[in-house]
Amino acid sequence: MTIQAPQHIQKIAPYQGGKPITELAREMNLKVEEIVKLASNENPLGISPKADYAIQEAILDIARYPDGNSFALREAVSNKFGVAHDQIVFGNGSNDILELVARAYLSSDSETIYSQHAFAVYPLVTQAMGAKGVVVPAKDFGHDLSAMLAAVTDKTRLIFIANPNNPTGTLLGKAALYRLLKQVPQHVLVVLDEAYDEYLSAEYKSEAIGWLKEFENLVISRTFSKAYGLAGLRIGFGLCHAQVADMMNRVRQPFNVNSVAQAAAVASLADDDFVARSYALNQAGMAQLKHGFDQLGLTYIPSFANFISVKVGDAAGINQKLLQQGVIVRPVANYEMPEYLRVSIGLFSENAKFLEVLAGIIKG
Ligand SMILES: *Cc1c(COP(=O)(O)O)cnc(C)c1O
């Protein structure tokens with residue numbers, strides 16, 4: 001064809017998501033009910049009953065445009081996290097937040113920094129802007145903060161840090177992160193992606209929101225897709241300095257967050273019990289999977305999130321056999337981890353089925 005997209009767009013490798021259940025059902029001629037999907041870090045408990053109710057209510061009014069400023073949700077987030085209204089930006093998933101920061105702050109001559117094995121969206125939003133992504137080698141599968149700091153140049157605009165990281169599940173200590181913020185030059189924004197914070201125990205939970213007063217160049221991103229279970233509705237938010245939020249809002253679609261998602265998010269924030277149950281189920285499921293891996297003699301990367309990456313050797317081959325038996329997990333070769341599979345923590349029965357099928361494959 002004669003119309004050509006710019007080189008920087010043509011070079012983008014498309015995002016590979018977890019395989020949808022319906023797609024595997026079609027491909028393998030399986031029933032949807034017999035398939036176990038542990039591939040996208042979704043909440044196996046579904047959503048809060050309060051959110052469920054709010055969704056039913058909000059559906060009645062979808063002929064109207066949503067509130068482009070998400071006022072009710074802004075109020076709820078402001079109260080819950082102790083930040084001012086003008087420090088909050090809402091996104092169509094937190095993926096949108098990552099994209100808004102990139103659109104607001106990158107041009108074709110800027111650079112971003114992220115770690116090897118870090119979340120795939122960082123290179124995507126960088127490349128979409130024609131900017132240059134600098135990948136810093138990981139240390140024990142986690143972020144090497146001093147190497148990332150050393151990679152900063154005059155052209156650096158963004159440093160992306162996922163904490164915990166996906167797909168490795170690794171966690172950076174609070175003191176190390178704080179030190180990085182103290183040292184990063186003022187022309188660089190640090191984007192701290194905390195998609196899995198709700199799965200951290202009290203001692204590890206992020207304190208970064210409290211740091212916003214001190215650091216104008218900090219953007220914290222949060223999502224309703226993981227512990228809150230609203231992945232299909234697409235909603236997340238960014239917390240930052242008011243001037244940074246202002247820039248992000250300038251490049252935001254006026255109605256980027258739909259009305260049903262806004263209502264569900266407000267209700268979700270009011271249901272601490274659901275988050276507590278999700279956390280507890282995750283702790284138990286993590287122990288169950290680790291025990292299963294230990295019994296199979298498999299090693300894994302200790303994880304602080306709602307998934308775990310396990311070393312299986314021929315991950316592509318084993319993944320294919322898992323799929324044939326109705327189990328969807330995530331191969332992570334595209335993250336330079338060709339020997340690993342990333343497995344989301346599911347219900348007890350789902351974890352058990354995965355372990356049983358995996359054991360059958362490994363023992364041949
Ligand atoms: C899942 C995930 C997100 C959240 O994506 P949404 O767009 O909010 O669904 C963000 N960052 C990381 C590291 C993730 O794993």
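Numbers for residues simply follow the sequence, beginning at 1. Fair warning: this is a prediction, and the values are worked out from it, not measured in the lab.
- Side-chain contact between Phe160 and Ile113: absent, with no pair of heavy atoms (C-beta onward) separated by less than 4.5 Å.
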message: Working note: Arg250 + Asp246, criterion salt bridge (charged side-chain N to carboxylate O under 4.0 Å, His left out); need CA distance, chi angles, decisive distance, verdict.
response: CA-CA 6 Å; Arg250 290 177 196 218; Asp246 179 24; 2.8 Å; yes
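- Val135 and Leu145 fall into different hydrophobic clusters, where Ile, Leu, Val, Met, Phe, Trp and Tyr side chains are chained together by heavy-atom contacts under 4.5 Å.
- Proximity of Leu239 to Val77: side-chain heavy atoms (C-beta onward) are separated by under 4.5 Å at one or more points.
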task: Start with the C-alpha distance between Lys155 and Asp109, add both sets of side-chain angles, then the distance that settles salt bridge (charged side-chain N to carboxylate O under 4.0 Å, His left out), and finish with yes or no.
output: CA-CA 7 Å; Lys155 293 180 173 178; Asp109 61 357; over 6 Å; no
task: Apply side chain to side chain donor-acceptor pair (under 3.5 Å) to Thr153 and Glu111, showing your working.
output: CA-CA 8 Å; Thr153 71; Glu111 296 175 2; 3.0 Å; yes
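- Rounded to the nearest 0.5 Å, atoms OG (Ser259) and CD1 (Ile59) are 8.0 Å apart.
- Among residue pairs with one or both ends in residues 203-218, those qualifying as salt bridge (charged side-chain N to carboxylate O under 4.0 Å, His left out) are Lys174-Glu207, Lys182-Glu214; sequence neighbours excluded.
- Looking only at distances, a side-chain donor or acceptor of Gln116 sits under 3.5 Å from a matching main-chain atom of Ala138.
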query: Checking side chain to side chain contact (heavy atoms under 4.5 Å, CB included) for the pair Asn165/Leu171: CA distance, chi angles, key distance, verdict?
result: CA-CA 7 Å; Asn165 182 44; Leu171 184 78; over 6 Å; no
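- By the rule that hydrophobic residues join a cluster once side-chain heavy atoms approach within less than 4.5 Å of another member, Val357 and Ile328 end up as members of separate clusters.
- Between the side chain of Gln183 and the backbone N or O of Leu180 there is no donor-acceptor pair closer than 3.5 Å.
- One finds the OG atom of Ser278 at 13.0 Å from the CD1 atom of Ile345 (value rounded to the nearest 0.5 Å).
- Figure legend: Arg157 and Tyr105 shown without cation-pi pairing, the cationic atom not lying both under 6.0 angstrom from the six-membered ring centre and within 45 degrees of its axis.
- Between Arg342 and Val329 the shortest heavy-atom distance is O-CB, 3.7 Å.
- A donor and an acceptor atom, one from each side chain of Asn41 and Tyr196, are located under 3.5 Å apart.
- If you chain together hydrophobic residues whose side chains sit under 4.5 Å apart, Val121 and Leu192 never meet in one group.
- Going from atom CD1 of Ile47 over to atom CG of Leu233 covers 7.0 Å, rounded to the nearest 0.5 Å.
- The closest side-chain donor-acceptor pair between Gln262 and Asn258, if any, does not fall under 3.5 angstrom.
- Val134 and Leu106 fall into different hydrophobic clusters, defined by Ile, Leu, Val, Met, Phe, Trp and Tyr side-chain heavy atoms under 4.5 Å apart, directly or through other members.
- Within the 4.5 Å cutoff, the side chain of Ile220 has no heavy atoms near those of the Ser206 side chain.
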- request: Determine, step by step, whether Asn79 and Glu75 satisfy the side chain to side chain donor-acceptor pair (under 3.5 Å) criterion, reporting the C-alpha distance in whole Å, the side-chain angles of both residues, the deciding distance to 0.1 Å, and the verdict.
  value: CA-CA 6 Å; Asn79 288 335; Glu75 188 86 338; 4.7 Å; no
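- Using a 4.5 Å heavy-atom threshold, the side chains of Ser268 and Leu230 count as touching.
- In this pair, Phe81 and Phe237 present their aromatic rings tilted. The plane angle is within the 30 to 60° band.
- Pairs passing the salt bridge (charged side-chain N to carboxylate O under 4.0 Å, His left out) check and including a residue from residues 5-16, sequence neighbours excluded, do not occur.
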query: Which is it for Met337 and Ile301 under the side chain to side chain contact (heavy atoms under 4.5 Å, CB included) test, yes or no, and what are the steps along the way?
result: CA-CA 11 Å; Met337 295 164 62; Ile301 306 168; 3.7 Å; yes
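- No side-chain donor from either of Ser70 and Asp67 sits under 3.5 Å from a side-chain acceptor of the other.
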- request: Decide side chain to side chain contact (heavy atoms under 4.5 Å, CB included) for Lys132 and Ser110; before the verdict, give the C-alpha distance in whole Å, the side-chain angles of both, and the deciding distance to 0.1 Å.
  value: CA-CA 6 Å; Lys132 179 181 166 197; Ser110 27; over 6 Å; no
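- Put simply, CE on Met129 and CG on Leu124 are 13.5 Å apart, with the number rounded to the nearest 0.5 Å.
- Side-chain contact between His85 and Phe71 is present, with at least one heavy-atom pair separated by less than 4.5 Å.
- When the shell of 6.0 Å around OH of Tyr204 is examined, it contains 12 or fewer heavy atoms from other residues, nucleotides or ligands.
- When side chains are defined from C-beta on, Val343 does not count as touching Phe307, because their heavy atoms never get closer than 4.5 Å.
- Val219 and Tyr114 fall within the same hydrophobic cluster, defined by Ile, Leu, Val, Met, Phe, Trp and Tyr side-chain heavy atoms under 4.5 Å apart, directly or through other members.
- Salt bridge annotation for Lys80-Asp272: present, with a cationic side-chain nitrogen under 4.0 angstrom from a carboxylate oxygen.
- A distance of 7.0 Å separates CD in Gln283 from OG in Ser201, rounded to the nearest 0.5 Å.
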message: Apply salt bridge (charged side-chain N to carboxylate O under 4.0 Å, His left out) to residues Lys226 and Glu42 and explain how you reach the verdict.
response: CA-CA 6 Å; Lys226 304 288 160 53; Glu42 295 148 342; over 6 Å; no
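- Counting heavy atoms from C-beta outward, Ile159 and Leu189 have side chains that stay 4.5 Å or more apart.
- Under the 3.5 Å distance criterion, the side-chain polar atoms of Thr223 are left unmatched by any main-chain donor or acceptor of Gly93.
- Between the side chain of Asp144 and the backbone N or O of Lys139, no donor-acceptor pair lies under 3.5 Å.
- At least one donor-acceptor pair under 3.5 Å links the side chain of Gln87 to the backbone N or O of Ala84.
- Classification of the Phe215-Trp211 ring pair by plane angle, with boundaries at 30° and 60°, yields perpendicular.
- Using a 3.5 Å distance cut-off with no hydrogens or angles, the side chains of Thr126 and Thr112 do pair a donor with an acceptor.
- Residue Asp271 holds its CG atom at 9.5 Å from OH of Tyr228, rounded to the nearest 0.5 Å.
- Here the shortest heavy-atom pairing between Val152 and Pro185 reads CG1-CG, 3.8 Å.
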- prompt: Can Lys311 and Leu298 be said to form a side chain to side chain contact (heavy atoms under 4.5 Å, CB included), step by step?
  reply: CA-CA 6 Å; Lys311 191 172 185 179; Leu298 298 174; over 6 Å; no
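- A 4.5 Å side-chain heavy-atom check between Ile209 and Arg222 finds at least one atom pair inside the cut-off.
- Under a 3.5 Å cut-off, the side chain of Asn319 and the backbone N or O of Ala315 do not form any donor-acceptor pair.
- Defined by atom type and a distance below 3.5 Å, a donor-acceptor pair is missing between the side-chain atoms of Asn163 and Asp193.
- Contacts classified as side-chain hydrogen bond (donor to acceptor under 3.5 Å, both in side chains) and involving residues 349-364 (residues at least two apart or in different chains) are given here: Gln288-Asn351.
- Under the ring-ring contact (aromatic ring centres under 6.0 Å, His included) test applied with His117, the options Tyr122, Phe141, Tyr335 reduce to a single match, Phe141.
- A salt bridge links Asp273 with Arg277: at least one charged nitrogen is closer than 4.0 Å to a carboxylate oxygen.
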